[in-house]
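Reviewing the structure listed below.
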Amino acid sequence: MNSSQMSVTGSRAEFITEDYPNIKYGRGGGCFVSHAKAALFLLLAAAAVIVTGLLVYYYAPCPRAGEFVSSLSLEDQDALSDGSQGVAEGAGRRLPTEVRPSSYNLCICTLFDSNFTFDGRVYIDVTVVDGTKNLRSVTLHTGKDLKIIQKDVVVFKKSSANQTDNYSCEPGPSNSNETKENVVPIQYQSFENSSDFYIIHFRGDGLEAGGNYTLSIPFEGKLKDNLYGFYRSSFKDSVSGEKRWVAVTQFEATYARDAFPCFDEPGLKATFSVSLARPPSGFSLSNMRIQSTQPTTAGPKGWIWDHYEPSPPMSTYLLAFLVAPDSTSMQQHRTDSKSSVASPGTIGGNNTSFSIWTRPGFNNSSEYALNLGMNVLRFYEKYFGVNYPMTKMEMVAVPDFGAGAMENWGLVTYRESVLLYDPSKDSSSHKVDVALTVTHELAHQWFGNLVTMKWWKDLWLNEGFATYVEYIGTNAIEPDWVMLDRFVTEELQTTMSYDSLRSTHAVSPGNSTTADSAAIAELFDSVSYGKGSCLVRMLNHTLGEETFRKGLTSYLRKWSYANAEQDDLWEALTEAARSDGKGNSPLPNGLSVKDVMDTWTLQEGFPVVSVIRNYSDGSARISQERFVMDPKAKKAVEGKEGADASAEDDAAPPPKEKWHIPVTYTSAAERSFQNTKPRFWLLSGEGDHELPRGSFPASAQWVVFNLQETGFYRVNYDERNWFLLSNALLGNDSEVGKGPAGTGGRLPDVTKAQIIDDALSLARAGQLNYTIALGVTTFLSKETELVPWTAALGSFRFLDEVLSHTSHYGMLEKYILKLLEPIFLALHEKADITSLNQKLLRSMVMKWACHLNHEDCLSRSIRLFKEWMKSPDPNVNNPVPVEDRRAVYCTAVRKGGSTEWSFLWKRFKESTNDSSAAEVMLPALACTREPWILSKLFSELLEKEDDKRVIRLQDVYIVLRGISRNPVASRIFFQYIKNTWDALHKRYGGSTIVLGEMVKAGLSGLSSAKDLQEAKDFRKRNARKFRFATQDLDQAEESLADRVLWLNKNLEEVSVWLSGQVALGESDTADL
Ligand SMILES: [Zn+2]
């Protein structure tokens, strides 16, 4: 999935949840249950409702777009909760291993009646593993809301695994191999809710070892609007104004079981033959092509079965289907979409067709993703050395979608805003989001779909790879965007800031076997996505492009249609390195890729490498230790009641973690930034590394380590080298200006970004003097490129947050504005920029200049917003330039009152057919500083009535993100959460992840010891409601403690430095 952009405070996607206190079944007949049966079923279902109680769904997704979910009833939570944290015994068990499914024939009839019911039957061919005893029961998964029609469940023996069956979707016997003689008698059926288990118990001998059987299970369910499982999505037809419905799936991670009973683990791959019943006016889609259509006999009159071709072997979470009652609900776009005539774009050897589905219209806005998608799929075939194995690729923009996107094989689903791009009204950053999301999902077609992780603990293999490869794919299609440089600021530096906390976790959580849905959902975080991608990139550069690709291709070929673990990938890459190396392997002596990578994936955190030069003889001493932002912060969180977070006495013991680190470097004389193969290794088991005399040139020349920041580590230097680097950035370097970046002239943009981010992070962690670190930033007044500016403003964000409630904030504002002024003046009135990166830079500079109250920026924004307010039809006529909308909206709302806010709120409410416009307006609504308006916005999160709800469930996280960036709003929000906690808990069905995200947004603006104590008290009072969000909350609390400690330690030094800098530019700073 793609979840990363959705995070409130980082790359974690969000999920939102719903409570379903009134699940009711009942309908006038379907394809599988007769009227009489339906009446009986209604009674059973009513009983089930009472037993099941409230159901809870939450979804936690990928950094750009978000990804996945879980379900746990409140009763389950209560049952599990004894006040202790973690998963109770027995919760979330793995399936027994004696039975393996080989194929599914799945028939589903979606009724779109007033209760949104569906019914179906699944035939699962299974084999009992040889060498086991006869089985008296078989266990599979079923969702808590799915109703199994127990009396019609049949299990029968097949003569062999290869016996071909002709399963029927119509009621009655399967009309295949089922006879009286081969039916296995069932004694009873039972359920184990904590693991979503459905168990069929047999009479007599049960199932024989080595035997082949078919399970035939009828079921019935309800399409909910929780964005997971098989759910319903709606939109208003822009012409008729009528509400249209679409039923669609989202199965990752553990939601296939909500649609049909199945063996819902990624390692249990099988083929799927899907049949979907629909009204004659409707249509359906699935992973494969339609093989045949056929009228139903038992279904509603005139209904049709769409029978799909069997899929290749794949995991349940990758299955997908979509049904709409009206074929005009969605429109297909192909390469010549304007004529809507089929024109298959061929991919590889399969004559693969490629298309996009949207609501009606959107011809222009689907064109970009369509062309990009086709091109990148072709590119990946070459890059991976393996053809795309499916016969078609359809990408669907779904009106309600929890994650960013989902890589279902051959039928990728997206949130509308990350698939559709209209150049006339969407910004450049939106275009980049679309490109990165599409390239991410299509990379999964190989990494994830063709070869899948054995178990969720190796999720990072899927997501880390897709996140890295999305940059390679985008770079191949859009080379001008320099995405390989931007990876450093967009992924690596943001990930390092999370991973610098003591409360981070390892990329691969060792031998974790938990099958609890909520715990699995927690794995979809910035560590799996972001750090995973950084480690893959490090390996790519360490091994070299050719070796890396060779190992990758052999891994994909060897494990196609199967499941693998990280060790299998390491083995393929080790082999490639050894055969390519011919005695000159890039790996250190005797070590394998596994030896190296285990220190990075099984161990949490990452190192800082220290370089201390001896300037008299040109030698240097290189050492490593774990980099932690402030080791005392976690202690302050964990401290006893009333402990003073600022206590200096109990310093943390020095961490012992060590890594095998590939080290690269260059010097002012050498300027070889391109060679990213290691020059030496800093090994985990060894002490400091000594570079001999003469390794480095004359004392007046700088050295830089970790070229292009390809290693996942920071670098600290002695003060003199920092000074030399600072000088080089300022252009006081003898070689400056003599050639293009990195070749003998200026420092490369990535290196500038690296130096800024390392320096300010080291200072924040107390490992570098702030005077030196801030000194590094003074060159920015001459900087004109996106990548260094992104790193700089990203680093300033911390100072901006932490100083926002102090009397020194005005000086920070002046200092950053002084750096920004030249680039602001150069770009802000420039309407003719063509370079995408310059557009992005301009937009970022505008946002910051307005945020820091630059007079011209404020007046321009307010003027443009006023013009919009006066427009005759503001929903159509918007004079605010597309690239400036985020900055202008936020500024106008922040500086304005209820008139501006209400105007924007109205535009938001009326933007129902333009989700990307809505996503730009929504965060701006949280920019107001008026407490009463903020309260009004917050109260929208509690709106219970469906028809009155303005903020879609899928968009709650966007509001939270806006709140977390407004120091006034987040403080008020924390009080609001405390006051309305019970109501929020009820509204969001007890979803710990959504509630955890809310608390994170509330804590983000706090920075005093008293705040920390209040946060701890609040969490303690509600401990049991946060059980599965502990990791997020640990991080939010540690960050808060870090700010408290920082203020005690650094405020004075920073403010003295800032006042000195500001005074250099002005004569009168007395009133600051
Ligand atoms: Zn993904």
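Counting heavy atoms from C-beta on, the side chains of Met629 and Phe798 never come closer than 4.5 Å. Side-chain contact between Glu900 and Tyr889: absent, with no pair of heavy atoms (C-beta onward) separated by less than 4.5 Å. Looking at Lys531 and Thr504, their side chains never come closer than 4.5 Å, going by heavy atoms from C-beta outward. No side-chain heavy atom of Val956 sits under 4.5 Å from any side-chain heavy atom of Glu997. Two residues are said to be in side-chain contact when any heavy atoms from C-beta on lie closer than 4.5 Å; Val950 and Glu940 meet this criterion. Between Leu459 and Ser528 there is a side-chain heavy-atom pair separated by less than 4.5 Å. Asn966 places none of its side-chain heavy atoms less than 4.5 Å from the side chain of Phe973. Ile972 places none of its side-chain heavy atoms less than 4.5 Å from the side chain of Glu930.
A salt bridge between Arg1043 and Asp1011 is absent, with no side-chain N of the basic residue lying under 4.0 Å from a carboxylate O of the acidic one. Electrostatic pairing of Glu192 and Arg93 counts as a salt bridge here, judged by a charged N lying under 4.0 Å from a carboxylate O. Comment: Arg952 does not engage Asp225 in a salt bridge, judged by the lack of any side-chain N to carboxylate O separation of less than 4.0 angstrom. Taking the charged nitrogens against the carboxylate oxygens, Arg415 and Glu919 do have a contact shorter than 4.0 Å, which makes a salt bridge. Ion pair Arg502/Asp1042 not flagged as a salt bridge, since none of the NZ, NE, NH1 or NH2 atoms sits closer than 4.0 Å to an Asp/Glu carboxylate oxygen. Taking the charged nitrogens against the carboxylate oxygens, Glu604 and Arg626 do have a contact shorter than 4.0 Å, which makes a salt bridge. The pair Lys634-Glu1037 does not meet the salt-bridge criterion, since no charged nitrogen lies less than 4.0 angstrom from a carboxylate oxygen. Under 4.0 Å is where a charged nitrogen must lie from a carboxylate oxygen, and between Asp258 and Lys144 no such pair does.
The heavy-atom pair separating Ser1059 from Met811 by the smallest distance is CB-SD, 3.2 Å. For Ala926 against Leu937, the heavy-atom pair with the smallest separation is CA-CD2, 3.8 Å. Closest approach of Glu813 and Asn853 over heavy atoms only: OE2-ND2, 3.4 Å. Contact detail for Arg886 and Pro923: the closest heavy-atom pair is NH1-CG, 3.8 Å. Taking both residues in full, the closest heavy atoms of Arg971 and Ser1007 are given as NH2-N, 4.2 Å, listed atom of the first, atom of the second, then distance. Residues Leu1003 and Ala1015 approach most closely at CD2-CB, 3.6 Å, considering heavy atoms.
When atom types are taken as modelled, the side chain of Asn716 and the backbone of Gln767 share a donor-acceptor pair closer than 3.5 angstrom. Although no hydrogens or angles enter the test, the distance criterion places a donor-acceptor pair under 3.5 Å between the side chain of Ser497 and the main chain of Thr494. Proximity of a side-chain donor or acceptor of Glu1053 to a complementary backbone N or O of Tyr770 within less than 3.5 Å is detected. Side-chain atoms of Tyr815 do not come within 3.5 Å of backbone N or O of Trp1057 as any donor-acceptor pair. The closest donor-acceptor contact from the side chain of Arg894 to the backbone of Cys850 lies under 3.5 Å.
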Would Ser970 and Ser1004 count as a side-chain contact (heavy atoms from CB on, under 4.5 Å) if you check the C-alpha gap in whole Å, the side-chain angles of each, and the deciding distance to 0.1 Å? CA-CA 6 Å; Ser970 78; Ser1004 65; 3.7 Å; yes
Audit row: Leu227, Phe401, side-chain contact (heavy atoms from CB on, under 4.5 Å) steps and yes/no: CA-CA 6 Å; Leu227 313 179; Phe401 198 80; over 6 Å; no
CA sep, side-chain torsions, deciding dist, call: Leu760, Leu774, side-chain contact (heavy atoms from CB on, under 4.5 Å): CA-CA 7 Å; Leu760 284 169; Leu774 286 167; 3.9 Å; yes
Take Phe712 and Asp499, measure what side-chain contact (heavy atoms from CB on, under 4.5 Å) needs, and give me the verdict at the end. CA-CA 11 Å; Phe712 194 70; Asp499 210 29; 3.6 Å; yes
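Annotation: cation-pi pair Arg714/Phe606 absent, no NZ/CZ under 6.0 Å from the ring centroid and within 45° of its normal.
The line from OG of Ser508 to NZ of Lys457 is 4.5 Å long, rounded to the nearest 0.5 Å. Once rounded to the nearest 0.5 Å, the distance linking CG of Leu1045 with CG of Asp630 reads 5.0 Å. Rounding to the nearest 0.5 Å gives a distance of 14.5 Å between CZ of Phe1018 and CD of Gln1013. With rounding to the nearest 0.5 angstrom, the NZ atom of Lys895 is 12.0 Å from the SG atom of Cys927. Note that the NZ atom of Lys978 and the CG atom of Leu984 stand 14.0 Å from one another [nearest 0.5 Å]. Atom OG of Ser1055 sits about 11.0 Å away from atom CG of Leu812, to the nearest 0.5 Å.
Aromatic ring centroids of Tyr713 and Phe627 lie 6.0 Å or more apart. Aromatic pair Trp848/Phe796: ring centres not closer than 6.0 Å.
Between Tyr809 and His851, the ring planes are perpendicular. Angles over 60° get that label, and only those under 30° would be called parallel.
No more than 12 heavy atoms of other residues, nucleotides or ligands lie within 6.0 Å of CD in Glu1052, so this atom counts as exposed by the packing criterion.
Using a 3.5 Å distance cut-off with no hydrogens or angles, the side chains of His985 and Asn1022 do not pair a donor with an acceptor.
Screening Leu523, Thr601, Asp525 against Trp460 for a side chain to side chain contact (heavy atoms under 4.5 Å, CB included) leaves a single residue, Thr601.
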